[in-house]
Each structure stands twice: as C-alpha cells, then as structure tokens.
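Only a predicted model underlies this, so the values are computations on that prediction, with no experimental measurement involved.
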Amino acid sequence: MSKIISQTLIAALIEAIAARECLKFALDLGMHKVILKGDFVNTIRALTFLKENSSFEMLVLDDVKTLSSSFNYCSFSHVRRGRNSIAHCLSKKNTFIVDFIVWMDDAPPIWVDVLLKDVSTFRCLCFELQPKTMFESSAIPDCFYPNQPILICPKSQTPKHFLYLSNLDDQKFLRFSIKYLYVYKKSVSVESLKSSLSRVLVDYYPLAGRLRISAENEEKLEIDCNGEGAVFAEAFMDFTVDEFLEGSRKPNGSWKKLLYRVDAHSFLGIPPLIIQVTNLRCGGMILCTAINHCLCDGIGTSQFLQAWAHLASKTNADLPVSPVHSRHVLKPGNPPNVTYSHPEFTNTTPQDNTCLDLTQFLQSQPLVPTSLTFTPSHILHLKKLCVPSLKCTSFEALASHTWRCWIKALNPPPSLKIKLLFSVNVRMRLKPELPLGYYGNGFVLGCAETTANELVSANLHHGMKLVQQAKSSLTHDYIRSMMDFLEEHRVKPDLSASLVISQWSKLGLEDLDFGEGKPLHMGPLASEIYCLFLPVTGDSGAARVLVSVPESVVDKFEYYMMDYSYREDNEVDHMLEKGERTV
C-alpha cells in the first residue's frame, strides 16, 4: 500500500500520518496482531511514551494509539535507517501515484527491481550469518529420559510439622523457583548424587515438604514438612560440553528442557526442590536445580547446595554448617508498627493517564538477553569514575553504572521518576543478628530513586551515592518496619519504572564441587527483565551482567555499558551506524 502525503508537512507529522494509515490498512485487511516498525526514532518514542500535547503530530499519534487498541496485539519498535532501505527506495519510486494504491498480488513493474534486490540481500545475509550463529540461534537437542523422574526422600525420619514462613519469605513476588544451571566437564555418579541428596534432606527436611496455605491466615503460606521428597530426573543428551559452552554466554530458550517440568494446577502444587541431571555424549554433565524462593534466598540456596556437594564428595563427613529452620525470629510486631515510608513497595509517581509504566512497556517488547563481563580492571575503572569520592564497593559502582546505562538506552521522559531496587543481605544488620546457618530469606530490597534526567546527566558519582544512601538506610528499625508493613499490606515491589538487580556473584555458587571438579559454567536457566550479577568461573573479582532488554536498544545498551567516555546520544548513534562497537 502506498499513499501520497503532502511534502509541505514536517517530517515528524508525515511519519505520524504514515503510522495511522498503516494501522487503518491493517484493520481493513482483518489483521489481529501487528508490529509497527519505523526508523524515525522520535515518532516511535512518542508512541511508546505518549503524553498530553496539543500539537498536530501528537493528535495524530493519539489516533494511532486509539487504533492500536483495536488489535489483539500491537507494538511499536524502532529500526535503524540502514535496515529500512526498502521503504526509502519505494518512496522515491512512488512519484507516479496520483493519490492511493494497493497491490495484493503482483507488484507494479517499477517496484519489482527494488523488491528483488531487498529479497536477494536478505537471502545473502541469512546464508552469511548462519555458520557464525549456529550455536547461539539453534536449539539444543531434546533430552532422553531412560526412566520416569522419582522422589528422593530424607534417608531417615524427620520432624513432621508445619513451618512458619516470615513476611520476608512469604512475599508475593517471591512465589517462584530460583533455577540454576551448572555444566561440569566430568559427570558424577547418579547413584552418588541420589544417595547424598537423601542424606542432606535429613538436615534440610523442609525442602522435602510441600507448600500450603496457612490454616491461620489464608493470605499466607507455610511448609508442610511431610517428607514427601524432592523430584529427581535423570536424562541423556546427544551433545558435548564444548558445544554447550560455545553458545552459553546468553541463555537460550531451549535450555528449559534441561529441567524437568512438573505439571501442577498452581504454584502450590510444585515441589520446593526439583533436580535434573543430564549426562552428555562426551562424559560431561549438566545439573539444573529449581529451589522455591519462599524457602531460601540466594545465600540459603548456596548453603544447601554446598551441603549437598559436601556429602557427595565426602561420604562420611558432617555438614560444615548446621541449618537453622525456624523463622519466628522475623515475626512482625503485635500490633504491627510501621515507622518508615517504604518506597520500594509504594509507587511515588503521580498516577494519571500520562504516567509511563516502564515494566509494562518492556514486557510488550521483543526482549533479547545481553551478557557483559566486567573484569577487576573494568570495575576499578568504574570506581575511578565515581569522583569526587572513590570510596565505593564493586557492587555500588557496577550497579549505578548498569542502572544509568539501562535508563540512557531506554530513553524515557526526562522527568520520569525511576528506581533501582537491589537485594541486600540483612543477616548482620538486625539486632540480634540472624544465627549462622539461617537459610530462609534474609534479604530486603534497597531502593535508590531519582529522575531519568538527573541520573543520566550527572556522572557516575551521583548514582553511586544514591545506591550508598539506599544501603545505609537499611537499619534494624527500618527492616522491622518493613516486616510490619508487609503484615498490613500484601503488596509487591513497585516495578513501574524500576530496574531490579540481584547479585549472585558473591555467594560461592560457582564453587559447587560434587567430587569431579568445579563447574565450567554457572548461571540461570533463563534471562528475564530482572538484572543478574553473575560469577565468572576462575575469576572471583569479575562479574557478568545479564539482563534482557528490547531488541531495538540492545546495541546502544551494550555500547554504553562497555564505553566509559559517556558520549552524547547522537555521537553513539553515529558510531553504531558505522558498525563501531566496544564489545
């Protein structure tokens, strides 16, 4: 479809009218799902972050948004001009059109050469890229299960009771399983893994139980410590460790087949602990675990996994740390006493029709995982950028840098109030401290907040100070107030305009040795919009940043992350157009 639009109009208005005509045409054709792509970034940005405005362009874009609601699915995304050459070639050849033309079958002769060139270029590009991206784009083979998964129960009798979960455990946003993926060069005997798991479940018997709704409060969960057992699946895959590692920098959607899927009607029907051991053709092994987050945080899962590995490699040894099961030390006050405001849970952005929900925007976009490794020298360089103060931790420097780059790449409205939410271990912040071996959730979310403009226009020091202030505010009294707040308000964290960072790089997860050596790879089973700081095997001072971002901004985000000169947006766009990268 092509239509003549007056050249006396400004470019932005022409783009807006073109978008409106495209959606009208799609509706006429009876389409239900559409993706509108354009290379005029201001138009796409305006469609994404639409605000009240009386200009003609915004009035037209308002029509576009109204039309978009008529589809089952409609999204807007930006493509670079170099990838939109077909549209520009066609517009130049449309001078013969009087007003409006639609072709449904054969294209007009004057367009054929352009279309054939475009298809030819696309085919050449596909053939050229295929060998280079084989492992990144191809799904891993299917798993073969020689036997049905079994339940591994504690080796000896364990206490039968209902375990109370604290308000830090029983948060609605933690009702999922933490899924780890490990790759080992040499496999471990499956019988050894089963036997040691059965032994460790005597000490960590709640993980062999089942979640249920509390009899005292239907809004809370508890653990039925019934010893029913953990799910254990054994599989084989016609694949090698080297083949897996070649494409392991970013999670692949097909990795999900490496963890046995339990059919359940609800979250409560999924056992708290699920394990799959996949033996590979080369003699290697992939271990995947799913541990319910309501029972353990990152420190707790690491403590459990280390205990399991310890018994697998040293059959007659005692556990290095005895687990502490009781969560009553974190019970709320009676009555609850909320003495602080809690911005990590409350939306401080004015609620009106023009308010942007950044998370909702991200979930509506095609996301791709991006993975960037920061060596100790990279992190030291970031610390040097935190002038006038150099007194900051590696996490503070990397977190503020990631937050700034994420916002800069997404480019939301400058006045938007944004937040950085990050996990903070509070075991030693409480008075008295939580006992050694406490494996329940002992973390809270630190919350740094500012506006998009204030974050990206200042240097790294500004964001770093916000992170430090958020951490220092987490006193004993604040944490107690938070637990009482959660007793009165069963709410989730405010994710409307927030980046969430979880640190896995200082938990010892990469050191898990079942007797045949440490893993060659450790990471999550999948990548989400949450950001993870992952450990780097063999380099305890390094960290790998993993987060999924919209496909339209992934190049810019990676460029900002690895380029410390903080160039202006237009300069970065120019360098990316020329194919210059620092990654």
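- Aromatic ring centres of Phe422 and Trp403: separated by at least 6.0 Å.
- Here salt bridge (Lys or Arg N to Asp or Glu O under 4.0 Å) pairs that include residues 285-299, with residues two or more places apart or in two chains, are Asp297-Arg427.
- Looking only at side-chain heavy atoms (C-beta outward), Ile274 and Ser177 stay at 4.5 Å or farther from each other.
- For the residue pair Ala290 and Leu259, the shortest heavy atom distance occurs at CB-CD2, 3.7 Å.
- The heavy-atom pair separating Gly508 from Gln306 by the smallest distance is O-NE2, 2.9 Å.
- A salt bridge between Asp513 and Lys518 is absent, with no side-chain N of the basic residue lying under 4.0 Å from a carboxylate O of the acidic one.
- Taken from CZ in Phe374 to CG in Leu382, the straight-line distance is 6.0 Å, to the nearest 0.5 Å.
- Taken from CD1 in Ile501 to OG in Ser423, the straight-line distance is 9.0 Å, to the nearest 0.5 Å.
- How far SG of Cys405 is from CG of Leu460: 8.5 Å, rounded to the nearest 0.5 Å.
- In terms of modelled atom types and a separation under 3.5 Å, the side chain of His381 and the main chain of His378 share no donor-acceptor contact.
- Between Met237 atom CE and Met285 atom CE the span is 14.0 Å, to the nearest 0.5 Å.
- Ring pair Tyr184/Tyr182 is parallel by interplanar angle, where below 30° counts as parallel and above 60° as perpendicular.
- A distance of 5.0 Å separates CG in Leu258 from SG in Cys143, rounded to the nearest 0.5 Å.
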Passes side-chain contact (heavy atoms from CB on, under 4.5 Å), Arg429 versus Val424? Steps please. CA-CA 10 Å; Arg429 291 175 181 258; Val424 179; 3.7 Å; yes

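- Considering every non-hydrogen atom in both Gln365 and Pro550, the closest pair reads CB-CB, 4.1 Å.
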_Pair Phe443-Leu445, side-chain contact (heavy atoms from CB on, under 4.5 Å): steps then yes or no_ = CA-CA 7 Å; Phe443 81 96; Leu445 291 176; 4.2 Å; yes

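- Using a 4.5 Å heavy-atom threshold, the side chains of Leu495 and Phe173 count as separate.
- Remark: the Thr240 side chain and the Asp242 side chain contain no N/O donor-acceptor pair separated by less than 3.5 Å.
- Counting all heavy atoms, side chain and backbone alike, Leu372 lies closest to Met562 at CD2-CG, 4.0 Å.
- The closest side-chain heavy-atom distance from Thr402 to Met561 is below 4.5 Å.
- In this structure the side chain of Pro519 never reaches within 4.5 angstrom of the side chain of Tyr180, judged on heavy atoms.
- No donor-acceptor pair under 3.5 Å is formed between the side chain of Ser302 and the backbone N or O of Ile299.
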side-chain contact (heavy atoms from CB on, under 4.5 Å) between Leu245 and Leu520: does it pass, once the steps are laid out? CA-CA 8 Å; Leu245 293 177; Leu520 301 178; 3.9 Å; yes

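- Taking the side chain as every heavy atom from C-beta outward, Asp494 and Pro343 never approach each other to under 4.5 Å.
- More than 12 heavy-atom neighbours from other residues, nucleotides or ligands sit within 6.0 angstrom of NZ on Lys257.
- Judged by distance alone, with hydrogens and angles left aside, the side-chain atoms of Thr346 form a donor-acceptor pair with the main-chain N or O of His342 at under 3.5 Å.
- Between the side chain of Glu396 and the backbone N or O of Gln468 there is no donor-acceptor pair closer than 3.5 Å.
- Using modelled atom types, one side-chain atom of Asn441 and one backbone atom of His293 make a donor-acceptor pair closer than 3.5 Å.
- Taking each heavy atom of Thr370 and Lys250 in turn, the nearest pair found is CA-CE, 4.0 Å.
- Residues Trp504 and Met522 are in side-chain contact: their nearest non-hydrogen atoms beyond the backbone lie under 4.5 Å apart.
- Residues Asn252 and Ser254 have side chains that bring a donor and an acceptor to within less than 3.5 angstrom of each other.
- A pairwise comparison of heavy atoms in Leu455 and His462 identifies CA-CD2, 4.1 Å as the closest pair.
- Here the straight-line distance linking atom CG of Leu421 with atom OG of Ser498 works out to 4.5 Å at 0.5 Å rounding.
- No side-chain donor-acceptor contact under 3.5 Å links Glu344 to the backbone of Met482.
- Counting only heavy atoms from C-beta outward, the side chains of Pro251 and Leu546 approach each other to under 4.5 Å.
- The shortest distance between side-chain heavy atoms of Leu385 and Asn459 does not fall below 4.5 Å.
- Not one N or O on the side chain of Arg544 forms a donor-acceptor pair closer than 3.5 Å with the backbone of Thr373.
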(Q) Walk me through whether Ile418 and Trp406 qualify under side-chain contact (heavy atoms from CB on, under 4.5 Å). (A) CA-CA 11 Å; Ile418 56 173; Trp406 186 74; over 6 Å; no

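- The aromatic rings of Trp255 and His521 stand perpendicular to each other, their planes meeting at an angle above 60°, with 30° marking the opposite boundary.
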